[in-house]
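In what follows, every chain begins at residue 1, and chains take the letters A, B, ... in the order their sequences are listed. Quick caveat: nothing in here was measured; it's all calculated off a predicted structure.
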Number of protein chains: 2
Amino acid sequence: MIDHDGPTPLYVQVADAIEARIQAGDLLPNRPIPSENQLVQEYGIVRGTARKSIQLLRERRLVVTVVGRGTYVATPTDDQA
Amino acid sequence: MIDHDGPTPLYVQVADAIEARIQAGDLLPNRPIPSENQLVQEYGIVRGTARKSIQLLRERRLVVTVVGRGTYVATPTDDQA
DNA sequence: CACCATTTGTACGTATGTATC
DNA sequence: TGATACATACGTACAAATGGT
């Protein structure tokens, strides 16, 4: 699923994969996405890379992060940034 | 100048310091800010921290980065993002 | 053209702090 | 108290882009 040798950065590939899961309805609004450590397990990446993926999703305004809780699929309400 | 023990994250302190230098006219529009390695030297931080500072300045739209060249103080023209 | 220095980009690994439950 | 999860900061290595020699 993730190409560790291709030209596309891993953190972009992972962010795209999560975005696809959101669009597909696999991950629902107000529900948590996999934790950083879970992403590490699922995609065979290191935690720093998982964090960069989540940050990219935040910049795309697809997720919101709550310290100590986790990262959640954004809702239309979250767009008031 | 930088408090390595205080509650404010180093990368925020460094970004604020650079922003102050921009506001003071020490760093001019279309002119480069110190490179990541120079920031490492000047502030006694690690490169990852310097990068986070620059990223924060990009989010503030105070600078623009060109791969292989460096990071430059933004001009009003750059605001067309 | 090859080569090199500089600079930013990506990715790995590790440790400690803070917040929530 | 402890487990979980994100935040910060350190350190290292190599890749890619740029510009000059």
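The CD atom of B/Q13 sits 13 Å away from the C1' atom of D/dA9 (whole-angstrom rounding). Per the geometry, CG belonging to A/L10 stands 14 Å off C1' belonging to D/dC14, to the nearest Å. Rounded to whole Å, atom P of C/dA11 lies 11 Å from atom CG of A/D5. Here D/dA5 presents its P atom at 11 Å from CD1 of A/I54, a figure rounded to the nearest Å. Computed from coordinates, the A/E36 CD to D/dT8 P distance equals 11 Å when rounded to whole Å. Atom CD in A/Q55 sits roughly 11 Å away from atom P in C/dT10 (whole-Å rounding). Atom P of nucleotide D/dA17 and atom CZ of B/R69 are separated by 15 Å, given to the nearest angstrom. Atom CG in A/N37 sits about 14 Å away from atom P in C/dT14, given to the nearest Å.
Residue contacts shown for A/G70 are limited to sugar-phosphate atoms, with no base heavy atom under 4.0 Å away.
Each of A/L56 and A/I45 belongs to its own hydrophobic cluster when Ile, Leu, Val, Met, Phe, Trp and Tyr are linked at side-chain heavy-atom distances under 4.5 angstrom. The cluster map of Ile, Leu, Val, Met, Phe, Trp and Tyr, joined by side-chain heavy atoms under 4.5 Å apart, puts A/V67 and A/V73 in different clusters.
Closest-nucleotide positions on DNA chain C for A/V66 and A/V46 were compared, and the one nearer the 5' end corresponds to A/V46. Projected onto DNA chain C by closest heavy-atom contact, A/H4 and A/G68 fall at different nucleotides, the more 5' of which corresponds to A/H4.
The shortest distance between the side-chain N/O atoms of B/Y11 and the OP1/OP2 oxygens of D/dT8 is below 4.0 Å. At least one side-chain nitrogen or oxygen of B/K52 sits closer than 4.0 Å to the OP1 or OP2 atom of D/dT8. For C/dG9, the OP1/OP2 oxygens have a side-chain nitrogen or oxygen of B/R51 closer than 4.0 Å. In this model, the phosphate group of D/dC10 is approached by a side-chain N or O of B/T49 to a distance below 4.0 Å at OP1 or OP2.
Checking C/dT7, C/dC12, C/dA11 against the side-chain heavy atoms of A/P9 singles out C/dA11 as nearest. With C/dG9, C/dT10, D/dT8 as the candidates, the nucleotide lying closest to the side chain of B/V67 is C/dG9. Distance from the side chain of A/T65 is smallest for D/dC6 among the nucleotides D/dC10, C/dG13, D/dC6. Here the side chain of B/I45 is nearest to one of D/dC10, C/dA11, C/dT8, namely D/dC10.
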| request: For side-chain contact (heavy atoms from CB on, under 4.5 Å), just list the numbers for B/Q13 and B/L10, CA-CA rounded to whole Å, side-chain angles, deciding distance to a tenth of an Å, and then say yes or no. | output: CA-CA 5 Å; B/Q13 292 186 54; B/L10 292 180; 4.0 Å; yes
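The base of D/dA7 sits within donor-acceptor range of the side chain of A/R47, with an N or O pair under 3.5 Å.
Note that OG of B/S53 is 12.0 Å distant from CD of B/E19, once rounded to the nearest 0.5 Å.
Note on A/R60 versus A/D16: salt bridge recorded, some NZ/NE/NH1/NH2 to OD/OE distance being below 4.0 Å.
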